[in-house]
Amino acid sequence: MAEKDQDKTRVPQQQRSMETKQKIVAAAMKLFSEKGFHATNTKEIAKEANVAVGSVYSYYTDKMEIFKDALALFHERFTGILRGHGALQLNTSHNKRELIRDVIEIMIKAHEVDIGFHREMDIMALSYPEIKDRADKEMGFFYKFTARLIRSWQQETRIKDPDAAAAVLILAAHGVVEAVAFGSTGISRERLIEETIDMLHSYLWPQEALQERLNEELGQSMEE
């Protein structure tokens, strides 16, 4: 964006101006989610926000600048959910499988903030480096969030490298979480979550997971 273009836009100072800009961003998010970035034009955004086209251009020089603000709002909502649950702690009374379930559900909830916009962000990240940087920042927050949880559980696990373990867990579970949030596999949400819990439980607490399986098999054989 040229410097002279930047000079044409204004930063809202009064409440009414800030509300107008928020309406523009909210309208853009809705349309980007429904139609995609390239199929949406500024005139449509103005109509959805119930403002004049000139009002849009008083705050933004082009559609990409609106998308960046929409992306910032999305990221704020997304990470806010994780921050709100960042104090998950493991203690002796905790059922570890239920703790894993809580973490997975939180991750899914974060992905479901705006599924349509999340998908559009992933598409845009393939072509626009600045969008990819934001997507990478979102993933980096996941890594830090997970590593912090693992450190809080470290005395109860065999994990020696929480940062590397966080990467392993994210790489293993992220695709499953997206599949649950976006419904892309045809397999039910509960089945996917249960299998992911089994996988992560065995990785984090292998002896406990093995003992639970043995107890389950023993119980089944006794019933027979």
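This structure is a prediction, so every number in the text was calculated from the model and none was measured. Along the sequence shown, residues are numbered consecutively beginning with 1.
Residues Asp163 and Ala147 share a closest heavy-atom pair of OD1-CB, 3.6 Å. Arg101 approaches Ile193 most closely through the heavy-atom pair NH1-CG2, 3.8 Å. Of all heavy-atom pairs between Lys160 and Pro162, the closest is O-CD, 3.6 Å. The minimum heavy-atom distance between Ala49 and Lys23, with the atom names listed, is O-CE, 3.1 Å. The two residues Ile150 and Ala166 have their closest heavy-atom pair at CD1-N, 3.7 Å. Between Ala72 and Arg134, the shortest heavy-atom contact is CB-NH2, 4.1 Å.
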**OP:** Determine, step by step, whether Asp198 and Glu195 satisfy the side-chain contact (heavy atoms from CB on, under 4.5 Å) criterion, reporting the C-alpha distance in whole Å, the side-chain angles of both residues, the deciding distance to 0.1 Å, and the verdict.
**Re:** CA-CA 5 Å; Asp198 284 344; Glu195 286 301 310; 4.0 Å; yes

Subject >> Verdict with supporting geometry, Lys21 and Tyr60, side-chain contact (heavy atoms from CB on, under 4.5 Å) >> reply: CA-CA 9 Å; Lys21 190 171 184 180; Tyr60 296 101; 3.0 Å; yes

**OP:** Check the pair Ile131 / Met64 against side-chain contact (heavy atoms from CB on, under 4.5 Å), numbers first and verdict last.
**Re:** CA-CA 10 Å; Ile131 305 304; Met64 178 57 76; 4.3 Å; yes

Subject >> salt bridge (charged side-chain N to carboxylate O under 4.0 Å, His left out) evaluation trace for Glu105 with Arg189 >> reply: CA-CA 11 Å; Glu105 291 286 359; Arg189 176 191 185 105; 3.1 Å; yes

**OP:** Quick one: do Asp133 and Lys137 satisfy salt bridge (charged side-chain N to carboxylate O under 4.0 Å, His left out)? Show the steps, please.
**Re:** CA-CA 6 Å; Asp133 288 344; Lys137 182 178 179 181; over 6 Å; no

**OP:** Apply the test side-chain contact (heavy atoms from CB on, under 4.5 Å) to residues Val176 and Ile104: give CA-CA distance (whole Å), side-chain angles for both, the deciding distance (0.1 Å), then the verdict.
**Re:** CA-CA 9 Å; Val176 176; Ile104 292 173; over 6 Å; no

**OP:** Take Arg191 and Glu194 through the salt bridge (charged side-chain N to carboxylate O under 4.0 Å, His left out) test and state the conclusion after the steps.
**Re:** CA-CA 5 Å; Arg191 286 172 62 196; Glu194 285 300 323; over 6 Å; no

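Atom CE of residue Met124 and atom CZ of residue Phe37 lie 4.5 Å apart, to the nearest 0.5 angstrom. Note that CG of Leu71 is 13.5 Å distant from OH of Tyr128, once rounded to the nearest 0.5 Å. Atom NZ in Lys43 sits 13.5 Å away from atom CD1 in Ile45 (nearest 0.5 Å). The structure places OH of Tyr203 at 5.5 Å from CG of Leu169, a figure rounded to the nearest 0.5 Å. Note that OG1 of Thr40 is 5.0 Å distant from NZ of Lys35, once rounded to the nearest 0.5 Å. Note: Lys63 NZ to Lys68 NZ = 14.0 Å, rounded to the nearest 0.5 Å.
The side chain to side chain donor-acceptor pair (under 3.5 Å) search around Glu130 returns none, not counting sequence neighbours. Residues satisfying the side chain to side chain donor-acceptor pair (under 3.5 Å) test with Ser33, not counting sequence neighbours, are Asp114. Take Asn50 and apply the side-chain contact (heavy atoms from CB on, under 4.5 Å) test, not counting sequence neighbours, and it matches no residue.
Within 6.0 Å of atom CD in Glu190, more than 12 heavy atoms from other residues, nucleotides or ligands are found, so the atom counts as buried in its surroundings.
In summary, the side chains of Asp69 and Tyr59 do not present any donor paired with an acceptor at a separation below 3.5 Å, with no hydrogens or angles considered.
Aromatic rings of Phe67 and Phe117 (six-membered ring for Trp) have centroids within the 6.0 Å cut-off, being under it.
In this structure, Leu210 is not a member of the same hydrophobic cluster as Met199, with clusters built from ILVMFWY side-chain heavy atoms closer than 4.5 Å. At a threshold of 4.5 Å between side-chain heavy atoms, the hydrophobic network of Ile, Leu, Val, Met, Phe, Trp and Tyr places Ile66 and Ile123 in two separate groups.
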